[in-house]
Asker: 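Structure incoming, see below.
We're numbering straight along the sequence, starting at 1.
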Amino acid sequence: MSQFSLLMCDILLVVVSFFLSKLVNYQENFLSIFSHTTEILVQFAIVVAVYAAAFAIFKPFKSIMRYTGFGDIQKVFYANLAAFGALAVVKIIAYLHKPFETYFLWGRELILLVALVLVAMAFVRLFSRFVYDNVMDSRKKETRRIVIYGAGDAGKLTYNVLSKDSTLRNRIVAFIDDNPDKHTKQLNSVPIYPSQKVLTEDFVRGNDIDELIIAIPSLRMEAKQSIIGKALALNLTVKSVPDASRWTEGQFSASQIENIKIEDLLARDPIVLDNSNIKSEIEGKVILVSGAAGSIGSELSRQLCSYSPRRLVFLDNAESPLFDLQFELRNSFPDKDIAFVIADIRDKLRIWEVFDKYSPDIVYHAAAYKHVPFMEENPYEAVSVNIFGTKNMADAAISHGVKKFVMVSTDKAVNPTNVMGATKRVAEIYTQSHTTPDTHFITTRFGNVLGSSGSVIPLFKKQLAQGGPLTITHKEITRFFMTIPEACNLVLEASSMGTGGDIFVFDMGKPVKIYDLAKNMIRLSHLDNIEIKEIGLRPGEKLYEELLATKENTLPTHHPKILRAKVRSYDPQTVDECLQRLGAIEKTSDEFAIVSEIKGIVPEYISNNSVFSSLDKK
């Protein structure tokens with residue numbers, strides 16, 4: 001019903017109530033009503049005018065009848081109270097002027113009129129809500145029986161928007177809250193229980209619960225993940241209410257309630273950064289990012305745009321992804337001075353040309369080959385890019401007076417068991433050993449990042465879309481995980497505190513069992529009969545990743561998520577000689593000779609499940 005229609009309906013209720021009150025007042029001598037026609041018509045006009053004014057002030061007609069709530073009934077009450085007060089005051093004033101007294105209602109008749117209007121207006125609204133909830137509601141697509149976790153303001157708001165959802169029929173069965181003082185109370189006539197009562201098989205089955213909505217946006221990540229895990233184990237759909245800062249134009253609606261994603265089960269509490277440090281590091285400088293179109297490089301590029309560099313240079317040899325990044329950033333940051341450069345870090349002449357042209361102050365080196373099985377089959381390429389590509393970048397940085405060179409490394413460089421990790425470790429050794437007073441080399445190490453190309457999560461999503469099975473290499477295999485934005489945040493923070501020759505290790509949290517990850521993704525998908533298939537460790541793969549080598553230890557930094565590794569020092573001349581020998585062997589394309597030379601540089605490199613295991617000393 002439109003606002004105008006509801007206003008006309010309210011006026012009609014006033015008219016009907018007026019004449020009903022007259023009938024009651026004249027019931028003992030009904031015919032005498034005709035001798036007071038003029039007075040009654042004047043009274044009628046005054047009553048309608050006063051009520052119209054009260055409606056204009058309190059606007060009870062602006063409510064949506066099918067969503068009638070306490071606030072709407074309040075408006076009805078205040079409008080009637082104001083009308084009663086106005087009519088009573090006018091009657092008192094008229095009483096002082098006897099000729100006009102009879103033109104105004106008084107006493108029982110006035111009270112009866114207001115009571116009739118109040119009851120009629122409230123009844124029309126509540127009856128409309130009842131009809132919609134119990135008749136029209138049955139036409140909706142389906143009924144969902146929901147439990148809301150959180151009986152605070154966000155929980156109440158969630159209840160309200162679900163009640164107004166025009167697409168689905170929602171039934172809020174219970175609220176969960178951790179506050180014991182609320183456990184004997186109700187919110188909107190819905191009982192509030194502790195989690196241990198609701199998140200049980202008996203309660204879920206006994207009440208046919210379909211869905212759990214977490215309505216505490218500020219809930220700590222660890223507690224949230226525990227709740228999600230319990231709900232998934234009970235085969236519930238789990239959703240959450242986003243933070244108020246992400247509501248559309250400041251308004252919250254049912255469509256904004258988000259499905260829980262697998263990333264929510266792996267994420268951690270937000271990292272608190274010292275943005276002043278990063279800002280002073282970046283502001284007014286020329287920044288170059290290699291591998292800028294990759295998973296890490298592109299996020300680094302986005303975050304760097306948020307500061308105030310003098311110029312940004314984003315370099316990659318992948319044409320299409322770099323074009324996509326250019327399109328995105330030039331739209332998002334039209335005022336930034338950004339150069340997008342196609343170049344291969346293996347091409348020394350081209351890299352020198354780029355450094356000559358742009359004279360960067362800081363380099364973030366994210367270009368690398370990172371896929372373990374591929375590099376195990378293609379060690380020549382791993383050496384060419386990860387070692388000699390890094391050498392080209394590092395040498396150019398030294399030659400051109402770059403102040404800081406930040407290399408993005410990996411946990412697989414620690415006690416490596418594969419070609420990829422070993423080549424990254426050689427790159428670490430080269431940059432560490434070549435730190436100068438003018439150019440500080442800094443290494444950052446972290447584990448797997450969620451959502452990156454080649455990550456297990458996109459692979460599982462594709463396998464789920466195909467109906468399974470989900471393939472894991474070993475039931476006991478574990479990995480550390482970190483979100484891409486979190487990793488890049490820490491890279492920027494670590495770069496601001498590095499003084500040269502540092503290796504910074506990120507706190508990756510607890511290792512995640514890939515088998516458990518697969519089970520949770522199946523639960524989140526709500527697909528039946530999806531198999532998890534164990535296919536065996538791939539070449540070079542190990543069950544557990546490490547963040548620190550055995551001869552290294554760590555020191556704390558001012559940031560709790562970043563540790564400084566105390567590492568072995570290397571003589572730059574010795575390292576240069578090793579790379580000269582490796583470069584000569586690389587030209588032969590003899591894979592076993594190449595890997596054998598790498599093992600000489602990195603003695604802790606022991607191949608695992610690889611054809612190169614034969615090169616290890618027994």
Side-chain angles (χ1 to χ4, degrees), residues 140-150 154-155 157-176 195 198-199 204 207-249 251-270 449-452 455-468 470 481 483-486 512 516-530:
K140 293 181 182 180
K141 294 179 182 178
E142 58 182 288
T143 300
R144 294 186 303 180
R145 295 178 64 79
I146 298 170
V147 170
I148 298 176
Y149 197 106
L157 186 60
T158 303
Y159 176 92
N160 290 338
V161 299
L162 289 173
S163 300
K164 297 175 183 179
D165 187 2
S166 60
T167 59
L168 292 170
R169 189 178 185 185
N170 301 307
R171 288 287 177 265
I172 311 304
V173 177
F175 283 94
I176 298 175
S195 60
V198 176
L199 295 179
V204 169
N207 292 275
D208 294 325
I209 307 300
D210 301 304
E211 190 172 300
L212 173 74
I213 297 176
I214 300 174
I216 310 177
S218 61
L219 191 64
R220 285 187 62 84
M221 196 61 68
E222 191 174 344
K224 184 176 181 179
Q225 288 167 354
S226 174
I227 295 160
I228 295 169
K230 291 175 183 176
L232 289 178
L234 294 166
N235 203 32
L236 295 177
T237 298
V238 188
K239 297 184 178 182
S240 67
V241 174
D243 187 81
S245 62
R246 294 164 51 206
W247 295 355
T248 305
E249 297 180 352
Q251 298 295 314
F252 179 50
S253 65
S255 63
Q256 294 174 46
I257 298 174
E258 302 170 329
N259 285 311
I260 291 294
K261 303 181 291 294
I262 191 62
E263 289 82 358
D264 296 311
L265 282 169
L266 300 173
R268 297 181 290 172
D269 288 317
V449 288
L450 299 174
S452 65
S455 168
V456 68
I457 292 175
L459 173 64
F460 283 169
K461 286 179 178 178
K462 288 178 184 176
Q463 291 175 335
L464 282 170
Q466 295 166 0
L470 270 57
F481 283 99
T483 65
I484 294 175
E486 182 181 22
V512 176
D516 292 341
L517 181 66
K519 286 198 300 183
N520 281 328
M521 287 193 70
I522 293 170
R523 287 169 177 163
L524 283 171
S525 71
H526 295 285
L527 296 174
D528 297 323
N529 304 317
I530 301 293

Asker: Rounded to the nearest 0.5 Å, what's the gap from CD1 on Ile172 to CZ on Arg144? Could you check?
Answerer: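 Rounded to the nearest 0.5 Å, the CD1-CZ separation comes to 8.0 Å.
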Asker: State, yes or no, whether a side-chain contact exists between Leu524 and Ile260 at a heavy-atom distance under 4.5 Å.
Answerer: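 Heavy-atom side-chain distance check passes, below 4.5 Å.
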Asker: Would a distance-only check, ignoring hydrogens and angles, find a side-chain to backbone donor-acceptor pair under 3.5 Å from Arg145 to Asn207?
Answerer: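 Yes, Arg145 side chain to Asn207 backbone: donor-acceptor pair under 3.5 Å.
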Asker: Quick one: does Leu236's side chain get under 4.5 Å of Val147's, heavy atoms only?
Answerer: no
Asker: Report yes if some heavy atom in the side chain of Ile522 is under 4.5 Å from a heavy atom in the side chain of Leu464; otherwise report no.
Answerer: yes
Asker: Nearest 0.5 Å, what's the CD1-CZ distance between Ile530 and Arg523?
Answerer: 14.0 Å
Asker: Which atoms form the tightest heavy-atom contact between Ala154 and Pro217, and what is the distance?
Answerer: CB-CD, 4.0 Å
Asker: Can you find a pair of side-chain heavy atoms, one from Ile176 and one from Leu199, that are under 4.5 Å apart?
Answerer: yes
Asker: Once you round to the nearest 0.5 Å, how far does OG1 of Thr158 lie from CD1 of Ile214?
Answerer: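 Thr158 OG1 to Ile214 CD1: 11.0 Å, rounded to 0.5 Å.
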Asker: Within the structure provided, determine whether Leu162 and Ile148 are in side-chain contact (heavy-atom separation under 4.5 Å).
Answerer: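 When only atoms from C-beta onward are counted, Ile148 and Leu162 do touch, with a gap below 4.5 Å.
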Asker: In Å and rounded to the nearest 0.5 Å, what is the CG to CG distance from Leu470 to Leu459?
Answerer: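 Rounded to the nearest 0.5 Å, the CG-CG separation comes to 7.5 Å.
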Asker: Does Asn259 CG have over 12 foreign heavy atoms under 6.0 Å away?
Answerer: yes
Asker: For a 4.5 angstrom cut-off between non-hydrogen side-chain atoms, does Leu219 reach Ile227?
Answerer: yes
Asker: Between atom CG of Asp208 and atom CZ of Arg171, what is the distance when rounded to the nearest 0.5 Å?
Answerer: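 Between Asp208 CG and Arg171 CZ, I get 13.5 Å after rounding to 0.5 Å.
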Asker: About how many Å separate CD1 of Ile457 and CE of Met521, when rounded to the nearest 0.5 Å?
Answerer: 6.0 Å
Asker: Work out which heavy atom in Ala231 is nearest to a heavy atom in Val238; give both atom names and the distance.
Answerer: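 Taking Ala231 first and Val238 second, the nearest heavy atoms are CB-CG2, 3.5 Å.
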